[in-house]
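Working notes, structure below.
We use all heavy atoms of the structure for the numbers below, so side chains are in, but hydrogens, waters and symmetry mates are not. Worth saying up front: this structure is predicted, and the values here are computed from it rather than measured.
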Amino acid sequence: MGGILPDGYVQRRHTIIYVVEDDATIRELIVYSLNSQGLEAVGFEKPSEFWDACRSINPQLVLLDIMLPEEDGLQVLNKLRSAAATRRLPIIMLTAKGSEFDKVMGLDAGADDYIPKPFGMMELIARVKALLRRTEGTGTLREYRLGSLYVCPEQHVTKVGEEEIALTLKEFELLCLLIDNEDRVFSRDQLLNCVWGYRYTIETRTVDMHVKTLRQKLGPVAGGYIKTVRGVGYKISLKE
């Protein structure tokens with residue numbers, strides 16, 4: 001995408017943190033630490049990979065390094081702040097630069113917080129959680145209704161009619177992603193990236209197996225809302 005915010009950027013958010021950091025050691029440590037604290041995170045080495053992922057789903061928060069290949073973090077920040085869909089997206093800048101000038105530059109450009117390297121993982125996690133608390137809004141629960149299907153992500157509740165359905169964590173995350181993006185088609189690779197949090201390290205048939213069990217648990221009517229798009233992937237829709 002060359003760093004240009006795609007026209008198809010999804011304006012609904014899924015609970016996920018994007019980490020844009022070209023140092024593989026730091027990136028993997030941040031992603032691991034966030035995941036270990038129950039904060040779903042995905043890392044990207046280059047801005048182009050980040051923009052590509054944004055075509056599938058909005059993050060809830062972005063950790064953004066300043067020194068990046070292709071375009072620097074301030075350029076990425078400016079593009080995010082200039083787009084209506086991401087104008088209020090929580091963003092924390094990460095940088096090896098520690099001068100007051102660089103800190104002011106990042107905050108003036110619209111960053112919500114700034115963490116100079118080196119930093120401790122517990123400090124980073126605390127700052128991430130604090131920013132998420134500040135930006136969660138009024139605390140109103142998200143609720144989705146699609147035909148006979150009801151999903152509440154915050155309460156981890158799935159119902160078909162009046163019957164509550166027990167789902168595994170990944171089944172529930174898969175369902176939330178689909179229903180949060182009703183009628184949008186996801187490829188298997190996109191689903192692996194968004195739900196499992198990494199790319200190409202497990203087979204895409206994992207997605208097919210989870211879709212199959214999810215359909216079975218939801219039953220013949222609600223399970224039928226999950227459509228197979230031949231040669232592409234899956235979507236959730238009431239449309240045939």
Side-chain angles (χ1 to χ4, degrees), residues 1-23 26-27 30-31 33-34 39-119 121 123-140 142 153 177 180-181 184 186 190 193-194 197:
M1 295 303 300
I4 299 173
L5 191 68
D7 293 335
Y9 196 90
V10 181
Q11 295 194 19
R12 300 168 182 158
R13 285 186 186 168
H14 177 54
T15 306
I16 191 169
I17 297 170
Y18 283 169
V19 181
V20 190
E21 164 64 67
D22 63 328
D23 186 309
I26 296 175
R27 183 177 66 252
I30 292 173
V31 169
S33 299
L34 290 170
L39 298 167
E40 185 179 356
V42 179
F44 305 98
E45 179 183 4
K46 302 174 183 177
S48 58
E49 297 171 348
F50 166 73
W51 296 121
D52 214 27
C54 289
R55 292 181 63 87
S56 300
I57 196 162
N58 291 16
Q60 188 183 18
L61 181 146
V62 174
L63 293 169
L64 180 62
D65 188 27
I66 286 185
M67 303 301 291
L68 292 169
E70 301 178 340
E71 55 182 334
D72 66 45
L74 290 176
Q75 290 176 297
V76 175
L77 175 62
N78 286 329
K79 289 177 181 177
L80 289 170
R81 287 293 178 251
S82 64
T86 53
R87 192 163 293 145
R88 293 180 176 84
L89 175 66
I91 300 171
I92 298 177
M93 302 299 295
L94 307 175
T95 178
K97 296 180 179 180
S99 73
E100 189 70 17
F101 174 78
D102 293 312
K103 178 178 180 179
V104 170
M105 283 286 290
L107 296 176
D108 281 351
D112 297 281
D113 201 354
Y114 178 103
I115 305 179
K117 301 173 185 175
F119 49 80
M121 286 300 117
E123 177 192 0
L124 175 69
I125 290 167
R127 301 272 280 271
V128 166
K129 288 182 176 180
L131 181 54
L132 288 174
R133 284 195 298 270
R134 295 201 305 270
T135 56
E136 276 176 352
T138 62
T140 302
R142 289 178 297 161
L177 176 60
D180 192 34
N181 294 277
R184 184 180 182 91
F186 287 88
Q190 287 173 326
N193 184 40
C194 293

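Across every non-hydrogen atom of Y114 and I92, the tightest pair is N-CG2, 4.4 Å. Between Y18 and A53, the shortest heavy-atom distance links the atoms OH-O, 3.6 Å. Across all their heavy atoms, P47 and P69 have their closest contact at CD-O, 3.2 Å. The nearest pair of heavy atoms linking E71 to K79 is OE1-NZ, 2.9 Å.
Rounding to the nearest 0.5 angstrom, the gap separating the CE atom in M121 from the CD1 atom in I30 is 5.0 Å. Atoms CG and CG, on L61 and D112 in that order, are 8.0 Å from each other to the nearest 0.5 Å. Between the CZ atom in R81 and the CG atom in L89 there is a gap of 6.0 Å [rounded to 0.5 Å]. How far CD1 of I26 is from CG of L63: 12.0 Å, rounded to the nearest 0.5 Å. Taking CG from L77 and CD1 from I91, the interatomic distance works out to 5.0 Å, rounded to the nearest 0.5 Å. Rounding to the nearest 0.5 angstrom, the gap separating the CE atom in M93 from the CG atom in D65 is 7.5 Å.
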- Task: Could you please spell out the steps behind the side chain to side chain contact (heavy atoms under 4.5 Å, CB included) verdict for M67 and K117?
- Result: CA-CA 12 Å; M67 303 301 291; K117 301 173 185 175; over 6 Å; no
- Task: Kindly determine whether T86 and V62 satisfy side chain to side chain contact (heavy atoms under 4.5 Å, CB included), including the steps that lead there.
- Result: CA-CA 11 Å; T86 53; V62 174; over 6 Å; no
- Item | Steps toward side chain to side chain contact (heavy atoms under 4.5 Å, CB included) verdict (V20, E49) | CA-CA 9 Å; V20 190; E49 297 171 348; over 6 Å; no
- Task: Tell me, with the steps shown, if D52 and F44 meet side chain to side chain contact (heavy atoms under 4.5 Å, CB included).
- Result: CA-CA 10 Å; D52 214 27; F44 305 98; over 6 Å; no
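Within the 4.5 Å cutoff, the side chain of P59 has no heavy atoms near those of the I17 side chain. Proximity of L68 to F50: side-chain heavy atoms (C-beta onward) are nowhere separated by under 4.5 Å.
Considering only residues two or more places apart in sequence or on other chains, R127 meets the side chain to side chain donor-acceptor pair (under 3.5 Å) condition with D113, E123. The side chain to side chain donor-acceptor pair (under 3.5 Å) check on E70 picks up S48, with sequence neighbours excluded.
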